[in-house]
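Every chain is numbered from 1, with letters handed out A, B, ... down the list of sequences. Quick caveat: nothing in here was measured; it's all calculated off a predicted structure.
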Amino acid sequence: MTITTLDSLSAKPLLDWYDRHHRDLPWRVSPGMAARGVKPDPYRVWLSEVMLQQTTVQAVKPYFAKFLERWPEVTDLAAAENDEVMAAWAGLGYYARARNLKKCAEAVAKDHRGVFPDTETGLKSLPGIGDYTAAAVAAIAFNRQAAVMDGNVERVISRLYAIEAPLPGAKPVMKDKVTLLTPANRPGDFAQAMMDLGATICTPKRPACSLCPFRGSCQALKLCDPELFPVKTAKKEKPVRQGAAFIAVTGDGEILLRRRAESGLLGGMTEVPTTAWTARLDGETSVTAAPFAAAWQACGTVIHVFTHFELRLSIWRAAIVQKLEADDGWWEPVTNLEAQALPTVMKKAIAAAIPLAFKTSRA
DNA sequence: CACCCGTGGCC
DNA sequence: TGGCCAAGGGT
């Protein structure tokens, strides 16, 4: 008798589906191009993978284009100024990625003669490259049989096998399944196919199971409801923090900026002077905490939600008559703010005080 | 292992 | 409208 069990699950239907329905992405070599001998550029694969960490494809596209135009090779990025890289990354979030991106480029240029390591182990030894990115670059750029597991793959696997154990604890079990499923032939396309499937068919809500190449062998579809997977442990609620930000502008149109500490929240990025962001809601949110005395005017409150807390920032503005030499900051023309490494929360704060500070002032 | 670390879009 | 989520890594 012939029984289709999970043990017979094959990558073939997924690869066939990928040949027909793969997404066209700027950093991707499509199956058709690969058949004509086009090889992926490890630098582009790595750059895109780092940008895509916890970030949507749509958000990455313009940044990828900008980086590639400005720094076409990894050696160009290695030779770039840190501040330029941080300014180019501004808005994309998780700024430690940018710091590690730069360190990684320098390591490849200096320690590897500008050539990326072509093994999972070699890649993982580089800054900013963890389990996922090492496997992804090894598989996609170097055709290594590496098991690639990201959030998409976790969702697909958890449904295929109806895994009831919650994430993140169930990760090793899922990784084992991916390892068994990853083919020796076209491992890179397999990885990208799993992620495309998760992004377009096996979606978190209302998956399009009727279009899925695995519809005949999906345990969740057979037993209950795919939308119930993956199971995740409950997350704790977000605390609220509060502070004040001060926008000082001279008659010449210069604004007082500072540089944040190299590590931690928004590390190495640029900011306007602010108070500490405290958990106390009765903290220093008024002019009494301003960097210097001036005719401070209230400009409302900016609310910004970070990964692990919500920030309520009181905004204050003052026209400065006599420019003081700030010992831990500098005066920057408001017309040059676009070139600064300003995270989104700071653009919001400045826009609240100077509505025309940014061309795309949707904050 | 639990926590820290951004942002924007979606329903 | 707000909680959820996106090609995670470092510590």
Side-chain angles (χ1 to χ4, degrees), chain A residues 22-23 25-28 44-64 86 89-101 103-104 123-141 146-156 167-169 171-172 175 178 188 190-200 202-206 227 230 232-239 241 260-269 271 277 303-311 341-348 360 362-363:
Chain A
H22 65 86
R23 289 178 291 176
L25 301 172
W27 45 84
R28 173 175 286 178
R44 300 185 188 206
V45 174
W46 161 75
L47 180 61
S48 67
E49 291 300 343
V50 173
M51 287 183 167
L52 285 162
Q53 290 166 5
Q54 294 291 287
T55 308
T56 58
V57 165
Q58 283 309 312
V60 164
K61 280 181 178 174
Y63 285 87
F64 180 79
M86 298 309 289
W89 193 277
L92 202 52
Y94 284 134
Y95 298 98
R97 289 187 297 169
R99 299 195 296 273
N100 285 329
L101 186 84
K103 288 180 192 166
C104 183
L123 287 161
K124 209 190 157 183
S125 69
L126 293 167
I129 299 186
D131 287 337
Y132 163 76
T133 306
V137 174
I140 298 170
V148 176
M149 195 171 73
D150 73 327
N152 287 305
V153 179
E154 286 172 0
R155 187 167 57 255
V156 172
L167 285 169
K171 233 171 169 177
K175 182 67 175 282
V178 180
F190 173 79
Q192 295 179 92
M194 287 287 277
M195 294 188 278
D196 277 20
L197 188 72
T200 64
C202 197
T203 49
K205 302 295 178 188
R206 299 180 55 124
E227 208 173 291
K232 295 186 178 181
T233 56
K235 55 188 67 174
K236 64 176 196 179
E237 65 176 302
K238 251 171 220 190
R241 294 187 201 174
R260 292 179 61 87
E262 286 306 311
S263 63
L265 185 71
L266 306 175
M269 300 295 284
E271 67 172 6
W277 300 345
I303 295 178
H304 189 79
V305 182
F306 291 97
T307 306
H308 55 295
F309 68 92
E310 174 184 316
L311 176 65
L342 288 165
T344 296
V345 62
M346 289 303 152
K347 289 189 175 179
K348 283 188 190 177
T360 56
R362 50 185 307 284

Colleague: Which parts of nucleotides 6-11 of chain C does protein reach within less than 4.0 Å, heavy atoms only, written one letter per nucleotide 5' to 3' as B for base, S for sugar-phosphate only and - for none?
Modeller: BBBSS-
Colleague: Is there a side-chain contact between A:His22 and A:Arg28, using heavy atoms and a 4.5 Å cut-off?
Modeller: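 A:His22 vs A:Arg28: side chains touch.
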Colleague: Applying side chain to side chain donor-acceptor pair (under 3.5 Å), name anything that partners A:Arg99, two or more places apart in sequence or on another chain.
Modeller: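 Listed in chain order: nothing, the list is empty.
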Colleague: Provide, to the nearest angstrom, the distance between the CZ atom belonging to A:Phe306 and the P atom belonging to C:dC4.
Modeller: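 Whole-Å distance recorded here is 19 Å.
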Colleague: Check salt bridge (Lys or Arg N to Asp or Glu O under 4.0 Å) between A:Glu310 and all other residues, then give those that pass, not counting sequence neighbours.
Modeller: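 A:Glu310 satisfies salt bridge (Lys or Arg N to Asp or Glu O under 4.0 Å) with A:Arg312 once adjacent residues are dropped.
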Colleague: Starting at atom NZ of A:Lys235, determine the distance to atom C1' of B:dC4, rounded to an integer number of angstrom.
Modeller: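 It works out to 15 Å between those atoms.
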Colleague: Determine the contact category for A:Leu266: base if any of its heavy atoms lies under 4.0 Å from a base atom, sugar-phosphate if only primed atoms, P, OP1 or OP2 are that close, otherwise nothing.
Modeller: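 It contacts sugar-phosphate atoms only.
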Colleague: Using atom C1' of each nucleotide, how far apart are B:dG8 and C:dT1 to the nearest Å?
Modeller: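 Between the two C1' atoms, the distance is 15 Å.
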Colleague: Pick out which of A:Ile140, A:Leu25, A:Leu197 makes a side-chain contact (heavy atoms from CB on, under 4.5 Å) with A:Gln192.
Modeller: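 Answer after filtering A:Ile140, A:Leu25, A:Leu197: A:Ile140.
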Colleague: Any base atoms under 4.0 Å from A:Pro343, or only sugar-phosphate, or nothing? Heavy atoms, all strands.
Modeller: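 Sugar-phosphate, no base atom in range.
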Colleague: Just N and O in the side chain of A:His304: are any of them under 4.0 Å from OP1 or OP2 of B:dT7?
Modeller: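 Checking A:His304 against B:dT7: at least one side-chain N or O falls below 4.0 Å of OP1 or OP2.
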Colleague: Quick one: side chain to side chain donor-acceptor pair (under 3.5 Å) partners of A:Glu154, sequence neighbours excluded?
Modeller: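 A:Glu154 satisfies side chain to side chain donor-acceptor pair (under 3.5 Å) with no other residue.
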Colleague: Could you tell me how far apart A:Glu310 (CD) and B:dT7 (P) are, to the nearest whole angstrom?
Modeller: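 Rounded to the whole Å, the gap is 14 Å.
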Colleague: Mind calculating the distance between CD (A:Glu227) and P (B:dC11) to the nearest angstrom?
Modeller: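 The answer, rounded to whole Å, is 13 Å.
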Colleague: My understanding is that only residues two or more places apart in sequence, or in another chain, count here; which of them pass side chain to side chain donor-acceptor pair (under 3.5 Å) with A:Tyr132?
Modeller: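 Side chain to side chain donor-acceptor pair (under 3.5 Å) check on A:Tyr132 returns A:Glu49.
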Colleague: Provide the full list of salt bridge (charged side-chain N to carboxylate O under 4.0 Å, His left out) pairs with a residue in residues 128-138 of chain A, sequence neighbours left out, each pair given once.
Modeller: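 Every salt bridge (charged side-chain N to carboxylate O under 4.0 Å, His left out) pair that includes a residue of residues 128-138 of chain A, provided the two are not neighbours, is A:Lys124-A:Asp131.
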Colleague: How far does the C1' atom of B:dG6 sit from the matching atom of C:dA6, given to the nearest Å?
Modeller: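 To the nearest whole Å, 12 Å.
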Colleague: Say you pick atom P in C:dA7 and the same atom in B:dC11; how far apart are they, in whole Å?
Modeller: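 C:dA7 and B:dC11 have their P atoms separated by 15 Å.
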Colleague: For A:Phe309 and for A:Ala59, locate the closest nucleotide of DNA chain B by heavy-atom distance; then report the residue assigned to the nucleotide nearer the 5' terminus.
Modeller: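 The residue mapped nearer the 5' terminus is A:Phe309.
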Colleague: Rounding to the closest angstrom, what is the interatomic distance between B:dC5 and C:dC5 at atom C1'?
Modeller: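 It works out to 16 Å between them.
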Colleague: Does A:Val305 reach a base, just sugar-phosphate, or nothing at all? Heavy atoms under 4.0 Å.
Modeller: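 Contact class for A:Val305: base.
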Colleague: Of all the heavy-atom pairs spanning A:Arg155 and A:Ala199, show the shortest one and how long it is.
Modeller: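 Residues A:Arg155 and A:Ala199, closest heavy atoms: NH2-N, 4.3 Å.
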Colleague: Distance check, P atoms only: B:dC1 and C:dG9, in whole angstrom units.
Modeller: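 Between the two P atoms, the distance is 16 Å.
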Colleague: Tell me: CD of A:Glu237 to P of C:dG2, nearest whole Å?
Modeller: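 Between P of C:dG2 and CD of A:Glu237: 14 Å.
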Colleague: Any side-chain N or O of A:His308 less than 4.0 Å from the OP1 or OP2 oxygen of B:dC4?
Modeller: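 So the side chain of A:His308 is outside the cut-off, no N or O lying under 4.0 Å from OP1 or OP2 of B:dC4.
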Colleague: Grab the CD-P distance between A:Gln58 and C:dC5 for me, whole Å please.
Modeller: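 Distance check: A:Gln58 CD to C:dC5 P gives 20 Å.
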Colleague: What is the distance, rounded to the nearest whole Å, between atom CD1 of A:Ile303 and atom P of B:dG6?
Modeller: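 In whole Å, B:dG6 P and A:Ile303 CD1 are 19 Å from each other.
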Colleague: Which whole-number value in Å describes the distance from A:Lys238 NZ to B:dC4 C1'?
Modeller: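 From A:Lys238 NZ to B:dC4 C1': 13 Å.
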